[in-house]
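Numbers for residues simply follow the sequence, beginning at 1.
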Amino acid sequence: MAYDKENIFAKILRGEIPCDKIYEDDYVLSFRDIRPQAPSHALIIPKGEYVDINDFSANASDHEIVGFNKAISKVADMLGISESSGGGGYRLIANAGKDAHQEVPHLHFHLLAGRPLGPMVFREKQEYK
Ligand code: 5GP
């Protein structure tokens with residue numbers, strides 16, 4: 001999929017739409033999700049134009065990939081949700097594509113925390129092998 005420069009996170013990165021910022025550096029922007037699904041729900045996005053993790057892993061520079069990964073733990077520590085910062089831990093989710101219900105076509109990781117988060121995914125009756 002080609003990158004859509006008019007997606008909502010591109011507009012947030014350009015400052016055209018406000019966000020509740022948590023952290024920013026050369027590689028990433030982190031802000032609170034507008035419809036939180038846990039007591040703490042942060043998003044972290046790369047500044048580069050990548051549709052999803054597949055696009056990012058294949059096409060981002062090593063600096064971007066390292067910068068993005070380091071920022072995840074930094075944000076988790078800043079929010080106090082990582083166990084090493086005294087929190088109860090967190091779940092990191094990156095939806096990619098339609099079966100994962102990715103809504104916004106700019107790579108983003110969700111950091112969810114603040115309560116026991118239950119099973120990892122919705123389970124249908126049928127078990128997968
Ligand atoms: P996805 O389903 O693509 O993994 O998640 C997209 C997330 O972006 C959703 O959790 C949604 O609430 C969040 N979101 C959508 N539009 C906005 C917005 O304008 N601002 C913020 N902060 N979050 C948004």
Side-chain angles (χ1 to χ4, degrees):
M1 185 203 277
Y3 184 82
D4 171 13
K5 287 179 184 289
E6 295 309 311
N7 79 75
I8 198 93
F9 292 169
K11 290 180 180 179
I12 287 175
L13 278 170
R14 291 197 295 267
E16 295 167 11
I17 290 177
C19 70
D20 186 356
K21 192 196 291 189
I22 298 164
Y23 174 73
E24 180 173 14
D25 64 21
D26 288 348
Y27 301 107
V28 309
L29 178 65
S30 177
F31 50 95
R32 295 187 192 280
D33 196 292
I34 207 165
R35 291 189 300 271
Q37 296 190 38
S40 176
H41 187 170
L43 297 169
I44 181 161
I45 69 175
K47 288 195 165 172
E49 297 180 345
Y50 302 102
V51 174
D52 59 17
I53 188 66
N54 239 58
D55 185 14
F56 187 68
S57 300
N59 299 312
S61 69
D62 290 357
H63 284 298
E64 289 175 293
I65 291 171
V66 171
F68 187 74
N69 275 275
K70 284 185 178 289
I72 292 167
S73 58
K74 186 154 198 164
V75 169
D77 288 348
M78 284 174 67
L79 292 171
I81 60 177
S82 59
E83 290 190 332
S84 56
S85 66
Y90 62 97
R91 181 169 293 160
L92 191 62
I93 297 175
N95 294 316
K98 64 176 174 5
D99 280 358
H101 289 219
Q102 181 181 1
E103 281 174 32
V104 181
H106 181 111
L107 172 62
H108 50 283
F109 277 22
H110 299 256
L111 282 80
L112 296 153
R115 63 168 168 78
L117 293 166
M120 192 161 62
V121 292
F122 171 77
R123 295 181 81 90
E124 308 227 26
K125 281 183 192 152
Q126 175 187 346
E127 292 292 317
Y128 296 101
K129 293 196 173 153

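The salt bridge (Lys or Arg N to Asp or Glu O under 4.0 Å) contacts involving residues 20-30 comprise D20-R32, K21-E24, E24-K47, where partners must be two or more places apart or lie in separate chains. Applying the ring-ring contact (aromatic ring centres under 6.0 Å, His included) test to pairs two or more places apart or on separate chains, those with a residue in residues 15-40 are F9-F31. Evaluation of the ring-ring contact (aromatic ring centres under 6.0 Å, His included) test over residues 77-107, restricted to residues two or more places apart or in two chains, returns Y3-H106. Residue pairs meeting the salt bridge (Lys or Arg N to Asp or Glu O under 4.0 Å) criterion with at least one partner in residues 8-19, sequence neighbours excluded, are E6-R14, R14-E16.
Annotation: side chain to side chain donor-acceptor pair (under 3.5 Å) contacts of E49 (sequence neighbours excluded): K5. Not counting sequence neighbours, the partners of R35 by the side chain to side chain donor-acceptor pair (under 3.5 Å) test are E103. With sequence neighbours excluded, no residue satisfies side chain to side chain donor-acceptor pair (under 3.5 Å) with K98. Legend: residues meeting side chain to side chain donor-acceptor pair (under 3.5 Å) with D55, ordered by chain and number and at least two apart, are N59.
In this structure, M120 shares a hydrophobic cluster with V121, the cluster being traced through Ile, Leu, Val, Met, Phe, Trp and Tyr side chains under 4.5 angstrom apart. Applying the 4.5 Å side-chain rule to ILVMFWY residues, one finds I93, L112 in the same cluster as L117.
Rounding to the nearest 0.5 Å gives a distance of 7.5 Å between CD1 of I12 and CG of L29. Expressed to the nearest 0.5 Å, how far CD1 of I8 lies from NE2 of H108 amounts to 12.0 Å. Atom CG of L107 and atom CG of N95 lie 10.5 Å apart (nearest 0.5 Å).
Here the closest heavy-atom approach between residue A96 and residue Q102 is recorded as CA-OE1, 3.3 Å. Across all their heavy atoms, Y50 and S61 have their closest contact at OH-N, 4.4 Å.
By the criterion of side-chain heavy atoms lying less than 4.5 angstrom apart, applied directly or through intervening Ile, Leu, Val, Met, Phe, Trp or Tyr residues, L92 is grouped together with F56 in one hydrophobic cluster.
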Please table the atom pairs, donor to acceptor, closer than 3.5 Å between any side-chain atom in residues 36-44 and protein atoms at least two apart or in another chain.
| residue | atom | partner | partner atom | Å |
| --- | --- | --- | --- | --- |
| H41 | ND1 | Q37 | N | 3.0 |
| H41 | NE2 | D33 | OD2 | 3.4 |
| H41 | NE2 | H110 | ND1 | 2.8 |

Quick one: side chains of residues 65-79, donor-acceptor pairs under 3.5 Å with protein atoms, not counting sequence neighbours, listed by atom name and distance.
| residue | atom | partner | partner atom | Å |
| --- | --- | --- | --- | --- |
| N69 | ND2 | I65 | O | 2.9 |
| S73 | OG | K70 | O | 3.2 |
| D77 | OD1 | S82 | OG | 2.5 |

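Two residues are said to be in side-chain contact when any heavy atoms from C-beta on lie closer than 4.5 Å; P46 and E64 fail this criterion.
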